[in-house]
Undergrad: 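This is the structure I have questions about; it appears just below.
Heavy-atom basis, side chains included; hydrogens, waters and symmetry copies ignored.
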Amino acid sequence: MSRDGFGQILPTPPVLANRSLPTTDLLPPPAGNRFSGTVNPVPAEVLARSTWQAACPVAAGELRYLTLSFWGFDGRAHTGEMLVNASAANAVVTVFGQLFAAKFPIEEMRVTAPAELTAPPTGDGNNTTAFVCRPARGQANWSAHAYGLAIDVDPFCNPYTKGDLVLPELASAYLDRGNRRPGMITAGDRTVAAFSAIGWTWGGTWTTPKDLMHFSANGR
């Protein structure tokens with residue numbers, strides 16, 4: 001691990017340079033390959049395996065548990081899960097319905113576990129997720145993720161960069177945005193348009209850091 005607490009930046013392994021890994025099903029896939037999105041209070045067992053704790057800036061009752069259909073890089077329809085702020089839940093379902101209709105590929109969509117916050121970085125993560133109770137990167141204040149008001153989409157294909165820092169650490173092959181590959185988000189595409197329609201902004205428009213994976217309701 002480097003002095004900044006992140007992993008060493010290493011070249012992208014050839015197998016990940018054009019990332020197209022299959023998705024492991026955690027929930028039953030959608031019937032008939034049709035989009036399905038559900039919004040419910042967070043079940044106790046889901047809350048227990050999430051990063052939520054009493055010190056988080058939102059109460060458990062302010063979050064909702066979503067299940068969302070998505071297309072994997074394997075060309076199959078899958079069902080993912082996500083915790084989001086109740087105020088944004090229905091709008092987020094609308095966004096992912098549009099991404100499903102566009103067949104935008106997503107590798108993984110699951111609730112972040114507490115152990116992931118302190119585990120050594122693997123540098124190859126690609127989980128599309130929303131609520132994570134953590135500070136903003138490199139800061140002491142809460143991230144928009146800690147309120148359930150931000151979503152990271154295909155992080156490996158859309159890395160965070162600040163100076164020579166790249167996150168995930170093995171994703172440097174995806175810094176070349178001119179080399180269009182599945183799962184990449186670019187200015188004006190259907191992903192940006194879907195989030196823009198619900199009033200969320202894209203971290204790809206930032207100067208520094210540039211957070212290509214990140215969409216948020218509050219611009220942070």
Undergrad: May I ask whether V192 and L212 are part of the same hydrophobic cluster, defined by side-chain heavy atoms of I, L, V, M, F, W, Y residues being less than 4.5 angstrom apart, directly or through others?
TA: yes
Undergrad: With W202, which of I185, V153, N158, D189 fulfils side-chain contact (heavy atoms from CB on, under 4.5 Å)?
TA: I185
Undergrad: Name the residue from L165, V166, L167 that meets the side-chain contact (heavy atoms from CB on, under 4.5 Å) definition with E169.
TA: L167
Undergrad: Are D124 and P168 side-chain neighbours, meaning at least one heavy-atom pair lies under 4.5 Å?
TA: no
Undergrad: Which heavy-atom pair separates Y174 from C157 by the least distance, and what is that distance?
TA: CD2-O, 3.5 Å
Undergrad: Shortest non-hydrogen contact from A77 to P30?
TA: CB-CG, 3.7 Å
Undergrad: Quick check for you: to the nearest 0.5 Å, what is the distance between K103 atom NZ and R190 atom CZ?
TA: 12.0 Å
Undergrad: Working to the nearest 0.5 angstrom, can you tell me the gap between R49 CZ and T112 OG1?
TA: 10.5 Å
Undergrad: Do P159 and L175 have side-chain heavy atoms sitting under 4.5 Å apart?
TA: yes
Undergrad: Any heavy-atom pair between the side chains of T128 and M82 that's under 4.5 Å?
TA: yes
Undergrad: Do T67 and T38 get their side chains close enough for a donor-acceptor pair, meaning under 3.5 Å?
TA: yes
Undergrad: Would you check if the side chain of S50 reaches a backbone N or O of L47 as a donor-acceptor pair within less than 3.5 Å?
TA: yes
Undergrad: Looking only at heavy atoms, what is the nearest atom pair of A194 and V95, with distance?
TA: O-CG2, 3.5 Å
Undergrad: Working to the nearest 0.5 angstrom, can you tell me the gap between L149 CG and F131 CZ?
TA: 10.5 Å
Undergrad: How close do G183 and P105 get, heavy atom to heavy atom, and via which atoms?
TA: N-CG, 3.5 Å
Undergrad: Less than 4.5 Å apart, side chain to side chain, heavy atoms only: is that true for H145 and H214?
TA: yes
Undergrad: Could you go step by step and tell me if L21 and L16 meet the side-chain contact (heavy atoms from CB on, under 4.5 Å) rule?
TA: CA-CA 8 Å; L21 301 178; L16 298 180; 4.0 Å; yes
Undergrad: What pairs of residues pass the salt bridge (charged side-chain N to carboxylate O under 4.0 Å, His left out) test when at least one of them lies in residues 171-186, not counting sequence neighbours?
TA: none
Undergrad: Show every disulfide (SG to SG under 2.5 Å) that has at least one partner inside residues 13-72, sequence neighbours left out.
TA: C56-C133
Undergrad: Check whether any side-chain heavy atom of T201 sits under 4.5 Å from a side-chain heavy atom of S216, and report yes or no.
TA: yes
Undergrad: Please tell me whether Y147 and W52 are part of a single hydrophobic cluster in this structure, the criterion being side-chain heavy atoms less than 4.5 Å apart.
TA: yes
Undergrad: Same cluster or not: are V42 and V84 linked, directly or through other Ile, Leu, Val, Met, Phe, Trp or Tyr residues, by side-chain heavy atoms under 4.5 angstrom apart?
TA: no
Undergrad: Please say yes or no: joined through hydrophobic side-chain contacts below 4.5 Å, possibly via intermediate residues, are V93 and I151 part of one cluster?
TA: yes
Undergrad: Grab the two heavy atoms, one from T23 and one from G72, that are nearest each other, plus how far apart they are.
TA: OG1-CA, 4.0 Å
Undergrad: Could you pull out all donor-acceptor pairs under 3.5 Å where a side-chain atom in residues 57-65 meets a protein atom, sequence neighbours excluded?
TA:
| unit_1 | atom_1 | unit_2 | atom_2 | d |
| --- | --- | --- | --- | --- |
| E62 | OE2 | A59 | N | 2.7 |
| R64 | NH1 | G61 | O | 2.9 |
| Y65 | OH | E81 | OE1 | 2.7 |

Undergrad: Would you compute the distance between atom OG1 of T12 and atom CG of N18 and round it to the nearest 0.5 angstrom?
TA: 10.0 Å
Undergrad: Kindly compute the distance separating CD1 (I106) from OG1 (T191), expressed to the nearest 0.5 Å.
TA: 8.0 Å
Undergrad: Exactly one of F96, W206, F195 should register a ring-ring contact (aromatic ring centres under 6.0 Å, His included) with F215. Which one does?
TA: F195
Undergrad: Hey, are the side chains of T79 and S36 touching, using non-hydrogen atoms and a 4.5 Å cut-off?
TA: no
Undergrad: Looking at residues at least two apart in the chain, or sitting in another chain, which of them share a ring-ring contact (aromatic ring centres under 6.0 Å, His included) with F100?
TA: F35, W71
Undergrad: Are L117 and V132 close enough that some pair of their side-chain heavy atoms sits under 4.5 Å apart?
TA: yes
Undergrad: Can you tell if the side chain of E107 reaches within under 4.5 Å of the side chain of F156, non-hydrogen atoms only?
TA: no
Undergrad: Hydrophobic clustering (ILVMFWY, side-chain heavy atoms < 4.5 Å, transitive) - are L66 and F70 grouped together?
TA: yes
Undergrad: What is the minimum heavy-atom distance between M184 and N179, and which atoms define it?
TA: SD-O, 3.3 Å
Undergrad: Using the side-chain hydrogen bond (donor to acceptor under 3.5 Å, both in side chains) criterion, which residues pair with S87? Sequence neighbours excluded.
TA: N85
Undergrad: To the nearest 0.5 angstrom, please state how far the CG atom of L26 sits from the CD atom of E108.
TA: 7.0 Å
Undergrad: Can you run down the salt bridge (charged side-chain N to carboxylate O under 4.0 Å, His left out) pairs that involve residues 71-80, sequence neighbours left out, and say none if there aren't any?
TA: D25-R76, D74-R76
